[in-house]
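Computed from a prediction, not measured in an experiment: that's the story for all the values here. Lettering follows sequence order; numbering is per chain, from 1.
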Amino acid sequence: MDVTRIFERLNEAQRRAVGAPPGALLVLAGAGSGKTRVLTHRIAWLVEAQNVLPPRILAVTFTNKASREMRGRIGKLLQASDDGMRNLWIGTFHGLCHRLLRMHFEEAGLPKNFEILDSDDQFRLVRRVLREQQLDEAYWPPKQMQWMINQHKEEARRARDLPAGEGQQQILHRVYRAYEETCQRLGMVDFAELLLRVFELFRNNQLLREQYQRRFEHVLVDEFQDTNTLQYRWLRLLCDAHKNIFAVGDDDQSIYGWRGARIENLLGFERDFPGAEVIRLEQNYRSSGNILNAANAVIGHNAGRLGKTLWTDAPAGTKVRLYAADNEFDEARFVVSGIAEWVQNGNRRDSAALLYRSNAQSRVFEEQLLSEGMPYRVYGGLRFFERAEIKDALAYLRLISNRDSDGAFERVVNHPARGIGAKTLETVRRRARDQQISMWKAAGESDGELSARAAGALQKFRQLIDEMAAAAAGMDLADTTEEMLARSGLLAHFKKDRGERGETRVENLEELVSAARNFAADDDEDAPDELSQFLANAALEAGEGQAEEWEDCVQLMSLHSAKGLEFDLVFLCGMEEGLFPHQRALAEGNQLEEERRLCYVGMTRAMKRLTLCHAAVRRLHGHERYARPSRFLSEIPDEHIEELRPSRISRIAQTNNAASHLELGRRVLHKKFGEGVVVDFEGRGEHARVRVDFAGGESKWLVCAYAELAPA
DNA sequence: AATCGGGGGCTTTTT
DNA sequence: GCCCCCGATT
C-alpha cells in the first residue's frame, strides 16, 4: 500500500481533503481546481490507505458522463480489475436508485419488470391522464401538470400528503393522484420516482435502511451544489448513521436553480452536519492570470457566497479581449475570422469554443462557419435515444418485453399505418379504462363492438408483436432489433421517405442496431434480461447529441452545456443586457446572481484566450433590438481588458459630452415629441446627431446639441 | 395519411 | 423572424 503515491501529485489543500479523517467534509472546489482529482484520490485513499473495501463506498454524480469518467480514473489509480471495480458503486442518483429498485422491487411495491419513463414518456402519460380526467389541455397544459407533479415528488410529497384543496388546487391534486395510480397500475417509474421510491423505502424499512447505512460507510457526492431537495434528503438519510459524507461542489458554479437545484444544500451543510470540515480548493490550474482575475472580479459582485478567491501560478497571459460588434452578423464574422486565424496558427479547431446564453444564437454562427467551410459541432438538441424514430423502435422493443406497456402500445400500434384509426383506439382505450386492464389486453378482447376489419387489424398487430417476441427468445439483442425493424415495417417506412430527413432516420435506426450489438449487459444471475437492461439504459442514458463526430470541429454550445469543459480559446458571445443576463432572469428579480455565476462558468472555461462579444443591434424574436452591453462586462477591471474596437455605444458619449447620457437603446424624453428610443447616431462633437424612434411611431434625426433630450 | 398553413411561443438541461 | 404543433384539407 503506497500512500505517498496517492499524495504526490496533489497540492496542500487537495491533500488535506483527500486525507481528511472520516466524517462530514465539504470541499469547495473552484473552477479548474482539481475537483475530480480530489474525488478520485479520496476513493483511492480510502481503499489503499484506510483499507476500506470498495463495496463500502458509494459515489454519486449527476451525469453518466461524470460517473464514467470517475470510474475510469479510479480504475487507473487503483489498478483495479473490472471485477474489483464492479463492487464499487459509482453512478448517477438515478442510476443507483434504479439498481436498488431492481434489487428490492418487492419491498418497494413495484412489479419486477417495472419500466422507466423518460421525460417524453412522462409527458405523454400526463396528457393521457388529463384526457381521462376530461380536462381541457388548453386550460391545464400537460407541460405544467408534469412540472407540478415533478415539483411535488422532488419535495417528497405524495398526492395523499396534499390537502384536499379547492378549485384549481383540487383539480391539480386529482391529476397528480390519477397519474400516480396509473403509474402504479402499469408499473411505470418516472425519473423523480426512482429517487422518491428509494427514499421512501429507506425511510419506512428500518432493516433495509440499516443494511445500506452499514454497507455504504463512505458516501461521496460530486457537484453538490446541484442537488435538489429530494437528493439531499436521500443523502442525509443514507449518511444518518455514520455522517461520512464527502461533498464536493462550488457555490459559484450553481447554475441549475431553475430546475430545482438548491444552493442552500451547500450553504447549509455545516448546519446540517455539525462539526463538518470545510476545505477550499482555490488554486486554479486552467486559466491564465488575466482570465482568472477577470472572472474573479465578476463573481465578486455576488453577495451570499461562501467565499473563495481563485489564484494561479500561471503567467498573466493575454488580456481578455472585448469586441463591440455592430450586429449579430458582424459578431459572427469577427468570431469566425478569429477562429480561422487560430487554426492557421497551427491550433486544433476543437480547442476553440463558441459559447452563448441561448441556443437560438447558434444559427448565425453556423451560417458563417458554413460559408467559411469551417467544420463545427453544435451541442444540444435531441439526443440519440430521444429521437422520434428511435423512440418508435424502442416502443416495439418495449412491447416485446412487456405487452402491457400502454405508452409503447399507443405509440406504434398504428405506426407505420396499419389501418388502426382513432376510433378503434378510442374503443380500446375505453375498454382498458373500464376494466382496468392494459390496452394490449383490451385490444385482444372481441366483444363484437368493433368492426370486423378493425378487430382484424388489432389481431394482426398483436400477432406481429407475439411473433417478434417468439423470435427474440432465440436471438441476441442486435438480431432482435434488426428483426423488429424489418417485421414492424418501421425501417421500410422511413426508407421510402426520400430526402435528407428520411436518410438520417434510417441511419439512426441502423445505429440503434449497432448500439444493441455493442451493449454490454450485466450478466449477474439476478440481473434482468438483456432487453430490459437495454431499455432501462436507453431511458437513463439518452446518449450523445449527435453520432460521434471524429472530425476536428469548432465547438458551439450554450453556457450551461459548457460547464465542466475547458478550451484554449473561448468566445463568449451575445453579452448584452436582456440576452445575458437574460430578460427573464432580470424580470424574476432574484435570478441575477445565477446569471452572473453562469458568466463566471463561461469565462473560466478559457485556458489561454478569452474574447467577450456584444452587439449594438440584434434581431431577436423578429425585432431589431438595441441593447446595452452586459453589466457583467463593466464588472471586469480595465486592467484585464483589451478593447478591440471601441463600442459604438461609448462613442456617442465620447464624441459628445453634452449628450453623454445618450446611447443606443436608451429611452429619452423630448419636449415636443415625447418619449422615444435612441436607435442610431452619426457625427461627432456639436454635429452629433441621433435617430430617435418616438412612441407615436415617428422616427427623427435630432442634433444632440439643440434637441435637449432628457433621460426618460 | 400526408401536407399545408395558421397561431403561439420564444432561456438554460439531466436523469 | 423562425420553428413547432395542431387542425383542416386533399
Are Q368(A) and E366(A) close enough, and set up right, to give a side-chain hydrogen bond (donor to acceptor under 3.5 Å, both in side chains), and what steps lead you there?
-> CA-CA 5 Å; Q368(A) 186 65 25; E366(A) 287 186 67; over 6 Å; no

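- For A585(A), the side-chain atoms get nearest to dT11(B) when compared with the rest of dT12(B), dT15(B), dT11(B).
- Checking dT11(B), dT14(B), dT12(B) against every side-chain atom of W258(A), the shortest atom distance belongs to dT12(B).
- Salt-bridge check for E624(A) with R619(A): passed, with a basic side-chain N closer than 4.0 Å to an acidic carboxylate O.
- For the pair H582(A) NE2 and dT13(B) P, the computed distance is 12 Å after rounding to whole Å.
- Donor-acceptor pairing under 3.5 Å is lacking for the side chains of T36(A) and E69(A).
- Of the listed nucleotides (dT13(B), dT12(B), dC10(B)), dT13(B) has the atom at the smallest distance from the side chain of R259(A).
- Residue Q122(A) is classed as having no contact, given no heavy-atom separation below 4.0 Å to the nucleic acid.
- Taking atom P on both dT11(B) and dC4(C), the two are 15 Å apart, rounded to the nearest angstrom.
- Residues P581(A) and R631(A) are in side-chain contact: their nearest non-hydrogen atoms beyond the backbone lie under 4.5 Å apart.
- Under the 4.0 Å criterion applied to side-chain N and carboxylate O atoms, R398(A) and D121(A) are assigned as salt-bridge partners.
- You cannot call H94(A) stacked on the base of dT15(B); the centres under 5.5 Å and planes under 30° rule is not satisfied.
- Side-chain atoms of Q184(A) come within 3.5 Å of backbone N or O of G109(A) as a donor-acceptor pair.
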Table of protein N/O atoms under 3.5 Å from nucleotides 1-8 of chain C N/O atoms:
none

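- Between dT15(B), dT13(B), dT11(B), one nucleotide has an atom nearer to the side chain of E386(A) than all others, and that is dT15(B).
- Nucleic acid contact for N359(A): sugar-phosphate only, since backbone atoms but no base atoms lie under 4.0 Å from a heavy atom of the residue.
- The residue N64(A) sits close only to the backbone: its heavy atoms come under 4.0 Å of sugar-phosphate atoms, none of a base.
- If you take CG of D226(A) and P of dT12(B), they are 18 Å apart, rounded to a whole angstrom.
- In terms of polar N and O atoms assigned as donor or acceptor, the side chain of S561(A) never comes within less than 3.5 Å of the base of dT12(B) in a complementary pairing.
- To the nearest angstrom, C1' of dT13(B) lies 12 Å from CD of E594(A).
- Listed pair R357(A) / dT12(B) fails the phosphate criterion, with no side-chain N or O lying under 4.0 Å from OP1 or OP2.
- Regarding contacts with the backbone of dT13(B), every side-chain N or O of R383(A) stays at 4.0 angstrom or more from both OP1 and OP2.
- If you take CG of L586(A) and C1' of dT12(B), they are 14 Å apart, rounded to a whole angstrom.
- When every heavy atom of I245(A) is checked against every heavy atom of C239(A), the shortest pair comes out as CB-SG, 3.8 Å.
- Within the 4.0 angstrom heavy-atom criterion, only backbone atoms of the sugar-phosphate kind lie near Y256(A); the bases stay farther away.
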Tabulate atom names and distances for all N/O pairs under 3.5 angstrom spanning the protein and nucleotides 1-3 of chain B.
none

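- Here the nucleotide nearest the side chain of T63(A), chosen from dT13(B), dT15(B), dT11(B), is dT15(B).
- Side-chain contact check for Y232(A) and E264(A): no donor-acceptor pair (N or O, by modelled atom type) lies under 3.5 Å.
- Rounding to whole angstrom units, CG of residue N537(A) and P of dT15(B) are separated by 11 Å.
- Relative to the ring axis of F123(A), R127(A) does not place its NZ or CZ within 45° and under 6.0 Å from the centre.
- Atom C1' of nucleotide dT12(B) and atom CD1 of I255(A) are separated by 8 Å, given to the nearest angstrom.
- No hydrogens or angles considered: nothing links the side chains of Q253(A) and Y600(A) as a donor-acceptor pair under 3.5 Å.
- Across all strands, E595(A) comes closer than 4.0 Å to base atoms (heavy-atom distances).
- Between L572(A) atom CG and dT12(B) atom C1' the separation is 14 Å, expressed in whole Å.
- Taking atom CG of residue L194(A) and atom P of nucleotide dT14(B), one finds them 17 Å apart after rounding to whole Å.
- Listed pair S558(A) / dT13(B) meets the phosphate criterion, a side-chain N or O lying under 4.0 Å from OP1 or OP2.
- Here the separation of dC5(C) from dT12(B), taken at their C1' atoms, is 22 Å to the nearest Å.
- Taking 4.5 Å as the limit, every side-chain heavy atom of S558(A) sits out of range of all side-chain heavy atoms of Y379(A).
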